[in-house]
Visitor: 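Can you read through this structure? Questions will come right after.
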Amino acid sequence: MYILTIETSCDETAAAIGLVIKDKVKILSHVVSSQVKLHAAWGGVVPDLAAREHLKNLAPTVNQTFKKAGFSSPAAGFNKIDLIGVTSGPGLAPALITGLNYAKTLSFFWKKPLVPVNHLEGHLYAPWIDEERELGLKEDIFPALGLLVSGGHTLLIEFKSHLKYRILGGTLDDAVGEAFDKVARIMGLGYPGGPVVSRTALKGCPDFNFSVPLRSSKDLNFSFSGLKTAVLYKALTLSKNKSIKEILGRAPKPELDLNLNNQQKADLSKAFEDAAVAALELKVLKALKMKKYRSFILGGGVAANKILRKKLSEAINKNYPELRIFLPRIEHTGDNAAMLIPPTYLKFVAAKLKKNSGKFVDNWKKIEIDPNLKLAV
Ligand code: KG4
Ligand code: ZN
């Protein structure tokens, strides 16, 4: 079965073509057109600007995806496509609408079934699109513990079986990726913050540390807002900029230039990254203690963080050596459409099994976006 997927939930326009044979997923092509540079000037993603860029980029991205999959154009390849998958949420409403409408148009003209997919679900399906692993959809790796870390989410999830999830914990305030982005802004390091903060942290050797958020809480929740504020106040203390010191206590704006030197930035980055990673590791270990899992899956943009990958692997290997660990390939950590292929296929098959195959005739009419779409309650 050939599947085309489209993703436009935030600031990446992405498309992919995959093939499911027996129970293996093969990605024939996946293309991501990033808008990061455009939004960097604003210090974060501007929803309307993102939507305008998606409109501009969707057709070229889909064209390129067909070309990379070996077809001269979408017109030459669409006959092969059996199914279309699209992100319907969560995400930015204006951005989601562009991708869904594009997918609906293709579904209508090409007469192909359309499957709405939850973006978070896509991140959790990264293990099945890892070519080197060749993980079969029928292989039993469940129950799996999932940690989803991105700019919008920080969730611990019990992945019970295909398409079945239970939320175990989440952030009470900022997502961990958002905290990386805000900390980068405090130090004037640019956007997105994750990659630059972790690069800057490499030279860090701080003689201070930040306390690990919710270290002694009994639940599986996270909090990163207090840690970000602790970084801001430490930065103000280190800053040589007197005028800024003077306004301490008047909620200084993070855009302020604190005149930090490179070593101070490195030390702040390292202390922040260590505390953020420790908070994630702590709750992963706590969740693993509460129930027996067969595997652990990491997903989302922050999954690119090297320290996080290392610390989690070491801690799990040490305490639960029998557990299978699935870290996504770096190219699949950020938003992409390849990750939508396994859930698109599985949802389609599950609906067919329910003997309501008629559901997929012109079903595009009923699909709507949901910016706050939940994975489970
Ligand atoms: O999954 P994603 O691409 O988009 C959302 O769905 O939010 O995640 C983007 C987030 C951003 O906050 C970015 O700063 C963070 O992932 N990120 C990282 C790293 N690379 C990206 N955070 C920490 N370390 C990294 N290396
Ligand atoms: Zn994402």
Side-chain angles (χ1 to χ4, degrees), residues 5-14 16 30 32-37 39-40 43-45 47 50 87-92 95-96 99 117-126 129 146-155 157 170-171 174-187 189-202 204 222 224-225 227-228 231 269-270 272-281 297-312 327-340 343 371-373 375:
T5 49
I6 291 169
E7 148 71 38
T8 62
S9 66
C10 191
D11 59 345
E12 328 275 4
T13 317
H30 90 103
V32 180
S33 166
S34 177
Q35 308 173 5
V36 156
K37 283 193 187 130
H39 297 284
V45 181
T87 302
S88 59
L92 305 169
L96 287 165
V117 179
N118 185 312
H119 176 82
L120 307 176
E121 191 167 40
H123 278 304
L124 281 179
Y125 269 92
I129 56 169
L147 175 66
L148 215 150
V149 279
S150 71
H153 295 87
T154 309
L155 289 172
I157 299 151
T171 182
D174 291 355
V176 61
E178 187 182 354
F180 268 93
D181 295 338
K182 287 178 175 170
V183 162
R185 256 178 111 169
I186 290 168
M187 294 184 281
L189 291 174
Y191 174 86
V196 64
V197 168
S198 50
R199 234 180 300 127
T200 308
L202 291 174
F222 304 96
F224 293 99
S225 169
L227 174 59
K228 166 206 70 190
V231 175
S269 297
K270 172 96 175 77
F272 163 76
E273 185 175 49
D274 283 352
V277 167
L280 295 169
E281 183 190 330
I297 298 174
L298 181 66
V302 185
N305 187 283
K306 290 203 179 95
I307 305 291
L308 178 65
R309 295 169 79 97
K310 185 168 173 281
K311 291 273 183 185
L312 284 176
L327 303 180
R329 292 164 72 101
I330 298 297
E331 64 173 312
H332 297 146
T333 53
D335 292 344
N336 67 87
M339 67 187 193
L340 304 181
N372 300 311
L373 186 64
L375 196 54

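In what follows, residues are counted from 1 in the order of the sequence shown. Numbering of ligands and ligand atoms starts at 1, following listing order.
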Visitor: Report yes or no: does a heavy atom of Glu12 sit under 4.0 Å from some atom of ligand 1?
Guide: no

Visitor: Applying side chain to side chain contact (heavy atoms under 4.5 Å, CB included), run through Leu148 and Leu124 and close with a yes or a no.
Guide: CA-CA 7 Å; Leu148 215 150; Leu124 281 179; 4.0 Å; yes

Visitor: Can you name the atoms of ligand 1, numbered from 1 with element, that are less than 4.0 Å from a heavy atom of Val302?
Guide: 15 (C), 16 (O), 18 (C), 22 (N), 23 (C)

Visitor: Considering non-hydrogen atoms of the protein only, which is the closest contact for atom 21 (C) of ligand 1, and what is the distance?
Guide: Gly301 O, 3.4 Å

Visitor: Holding to side-chain contact (heavy atoms from CB on, under 4.5 Å), I want the full list of residues that pass it with Ser198, two or more places apart in sequence or in another chain.
Guide: Glu273, Asn305

Visitor: Heavy-atom distances under 4.0 Å decide this one: backbone, side chain, both or neither, for Asp181 against ligand 1?
Guide: side chain

Visitor: Just which atoms of ligand 1 are under 4.0 Å from any heavy atom in Gly334?
Guide: 3 (O)

Visitor: With a cutoff of 4.0 Å, is His119 in contact with ligand 1, counting heavy atoms of the residue only?
Guide: yes

Visitor: Of the listed options (Asn336, Asp335, Thr333, Leu148), which comes nearest to atom 2 (P) of ligand 1 when hydrogens are ignored and any heavy atom counts?
Guide: Asp335

Visitor: Which part of Pro195 is near ligand 1, with near meaning a heavy atom under 4.0 Å away: side chain, backbone, both or neither?
Guide: both

Visitor: Between Phe180 and Phe272 (judged by ring centroids, cut-off 6.0 Å), do the two rings come close enough to count as a pair?
Guide: yes

Visitor: I'd like to know if Asp274 and Lys270 make a salt bridge, using a cut-off of under 4.0 Å between side-chain N and carboxylate O.
Guide: yes

Visitor: Does only the side chain of His123 get under 4.0 Å from ligand 1, or the backbone, or both, or neither? Count heavy atoms.
Guide: side chain

Visitor: Under 2.8 Å from the Zn ion (ligand 2), which protein N, O or S atoms are there? Could you list them by chain and number?
Guide: His119 NE2, His123 NE2, Asp335 OD1

Visitor: Heavy atom of Cys10 under 4.0 Å from ligand 1?
Guide: no

Visitor: Tell me the protein heavy atom at minimum distance from atom 18 (C) of ligand 1, and give that distance in Å.
Guide: Gly194 CA, 3.4 Å

